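Data block below; observations after.
Fair warning: this is a prediction, and the values are worked out from it, not measured in the lab.
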Amino acid sequence: MPDFAHLYAVLERAPVRLEPFEDHHVEPFRAVCARDSDIWEIYPVNLGGDGFDAALTMFRTLNEWVNFAVIDTRTDALVGMTNFIRPKLHNVVEVGGTFIEPSVRGTGFNRSMKKLIIEHAFAIGFKTVEFRVDTRNKRSMAAVLKLGAEHTETLPKQMVTWTGYERDTAVFALKPDQWAG
């Protein structure tokens, strides 16, 4: 059984530090989200512009979400957010609600970030890490497959996004024996 008390932790391995998201992270995260206004069209919520406050409040008040600020240790700057979502008693946790700013994409930073959070999930007893991705987000789906995750299903029209789009959600699962690290 996973040790839920250990979900909230500071996780660090250069160039990434994940720390529990707190009030002092809000304004730096707002600035990060503003640097990529086009991306929000394919996200379930709008963390850009006028949508930021409501979306972030929702993330931070959901009982089944554990929010992390993503810090680039080379600059000590906040560059994004990621979350554990719906940790289940049957040893499954989702990693999602992830956004990192354009400056660190394509640099290996995302893989380093995912490595920290996946290894933490397995270390505290989760047997499966899930990812749920809008099928329009080809970059994220490719990144999840590179981690060794298996595409298990696609849920058609599973969610209505903030734009009114009926999203098809690709579900991926990663088990310890699939994890290449």
Side-chain angles (χ1 to χ4, degrees), residues 2-4 6-21 25 28-29 32-33 35-36 39-40 42-45 47 56 59-60 62 64-88 91-154 167 169-181:
D3 184 353
F4 296 110
H6 289 99
L7 281 172
Y8 285 99
V10 174
L11 310 173
E12 185 169 352
R13 185 180 308 122
V16 178
R17 182 173 64 250
L18 302 177
E19 52 190 53
F21 198 98
H25 295 118
F29 186 54
V32 164
C33 290
R35 289 197 271 278
D36 192 6
I39 195 79
W40 304 116
I42 61 170
Y43 270 65
V45 298
L47 280 161
L56 186 62
F59 279 9
R60 294 185 73 196
L62 289 169
E64 295 185 321
W65 283 51
V66 177
N67 315 126
F68 290 94
V70 179
I71 310 297
D72 184 336
T73 61
R74 299 167 295 195
T75 61
D76 209 32
L78 186 144
V79 295
M81 173 187 249
T82 195
N83 307 274
F84 280 130
I85 303 171
R86 291 181 293 280
K88 298 178 177 80
N91 299 330
V92 178
V93 66
E94 180 183 346
V95 171
T98 301
F99 172 76
I100 56 173
E101 73 172 34
S103 69
V104 295
R105 291 183 200 148
T107 66
F109 189 92
N110 184 54
R111 182 168 182 80
S112 295
M113 176 183 63
K114 291 292 193 300
K115 183 175 175 116
L116 273 176
I117 204 162
I118 290 166
E119 288 177 354
H120 183 60
F122 290 150
I124 62 175
F126 288 99
K127 301 299 181 201
T128 304
V129 175
E130 285 186 344
F131 304 89
R132 294 172 180 256
V133 183
D134 187 320
T135 58
R136 297 174 296 168
N137 194 338
K138 305 300 183 199
R139 182 181 68 233
S140 288
M141 288 195 305
V144 168
L145 288 170
K146 284 182 187 176
L147 295 172
E150 175 184 345
H151 178 232
T152 58
E153 64 182 318
T154 297
R167 165 183 144 161
T169 300
V171 180
F172 299 85
L174 180 66
K175 299 196 178 287
D177 63 342
Q178 297 169 305
W179 173 235

Evaluate the side-chain contact (heavy atoms from CB on, under 4.5 Å) criterion for residues F99 and V32: first the C-alpha distance (whole Å), next the side-chain angles of each, then the deciding distance (0.1 Å), finally the verdict. CA-CA 9 Å; F99 172 76; V32 164; 3.5 Å; yes

To the nearest 0.5 angstrom, please state how far the OG1 atom of T152 sits from the CG atom of L174. 11.5 Å

Strictly distance-based, threshold 3.5 Å: is any side-chain N or O of Y43 a donor or acceptor partner for the main-chain N or O of T98? yes

Going by salt bridge (Lys or Arg N to Asp or Glu O under 4.0 Å), name the residues that satisfy it together with R167, two or more places apart in sequence or in a different chain. none

Which value, rounded to the nearest 0.5 Å, describes the distance between R17 atom CZ and L116 atom CG? 11.0 Å

Testing V16, I100, V70 one by one against N110 for a side-chain contact (heavy atoms from CB on, under 4.5 Å), which residue passes? I100

Reported CZ-to-CD distance for the pair R86 and E130, which is rounded to 0.5 angstrom: 8.0 Å

What is the minimum heavy-atom distance between P20 and V10, and which atoms define it? CD-CG2, 4.0 Å

When rounded to the nearest 0.5 angstrom, what distance separates CG in L18 from OH in Y8? 13.5 Å

List the atom of S140, the atom of V133, and the distance in Å for their closest heavy-atom pair. CB-CG1, 3.8 Å

For the student: nearest non-hydrogen atoms of T128 and A173, plus distance: CG2-CB, 3.9 Å

Taking only residues two or more places apart in sequence or in another chain, which ones pass salt bridge (Lys or Arg N to Asp or Glu O under 4.0 Å) with E101? R35

Walk me through it: do F84 and I117 pass the test side-chain contact (heavy atoms from CB on, under 4.5 Å)? CA-CA 8 Å; F84 280 130; I117 204 162; 3.4 Å; yes

When rounded to the nearest 0.5 angstrom, what distance separates CE in M113 from CD1 in I71? 12.0 Å

On a heavy-atom basis, the closest approach of V93 and A121 is CG1-CB, 3.9 Å

Closest non-hydrogen atom pair between P15 and R74, with its separation: CB-NE, 3.7 Å

Check: N67 and H25 side chains under 4.5 Å, non-hydrogen atoms: no

Scanning both residues in full, the closest heavy-atom pair of A69 with L78 reads CB-CD1, 3.8 Å

Enumerate the salt bridge (charged side-chain N to carboxylate O under 4.0 Å, His left out) contacts for residues 142-154, please, sequence neighbours excluded, ordered by first and then second residue. none

What's the separation between atom CG in L47 and atom CH2 in W40, rounded to the nearest 0.5 Å? 4.5 Å

Tell me if the aromatic rings of F59 and F21 count as close, with their centers under 6.0 Å from one another. no

Any carboxylate oxygen within less than 4.0 angstrom of a Lys/Arg side-chain nitrogen, looking at R13 and E119? yes

Using modelled atom types only, decide if a donor and an acceptor are shared between the side chain of N83 and the backbone of G97 within a distance under 3.5 Å. yes

Compare all side-chain heavy atoms of F131 with those of M141 and state whether any distance is below 4.5 angstrom. no

What I'd like to find out is whether the side chain of L7 reaches to under 4.5 Å of the side chain of F126, using heavy atoms alone. yes

As a quick check of understanding, evaluate side-chain contact (heavy atoms from CB on, under 4.5 Å) for K114 and V129, giving each step before the final call. CA-CA 11 Å; K114 291 292 193 300; V129 175; over 6 Å; no

Pairs where residues 170-181 contributes a residue and the test salt bridge (charged side-chain N to carboxylate O under 4.0 Å, His left out) is met, not counting sequence neighbours: none

Who passes side chain to side chain contact (heavy atoms under 4.5 Å, CB included) against T107, sequence neighbours left out? V104, F109

Could you list the residues that satisfy side chain to side chain contact (heavy atoms under 4.5 Å, CB included) with A9, not counting sequence neighbours? L11, H120

Contact between R111 and L147 at the side-chain level, heavy atoms closer than 4.5 Å - yes or no? yes

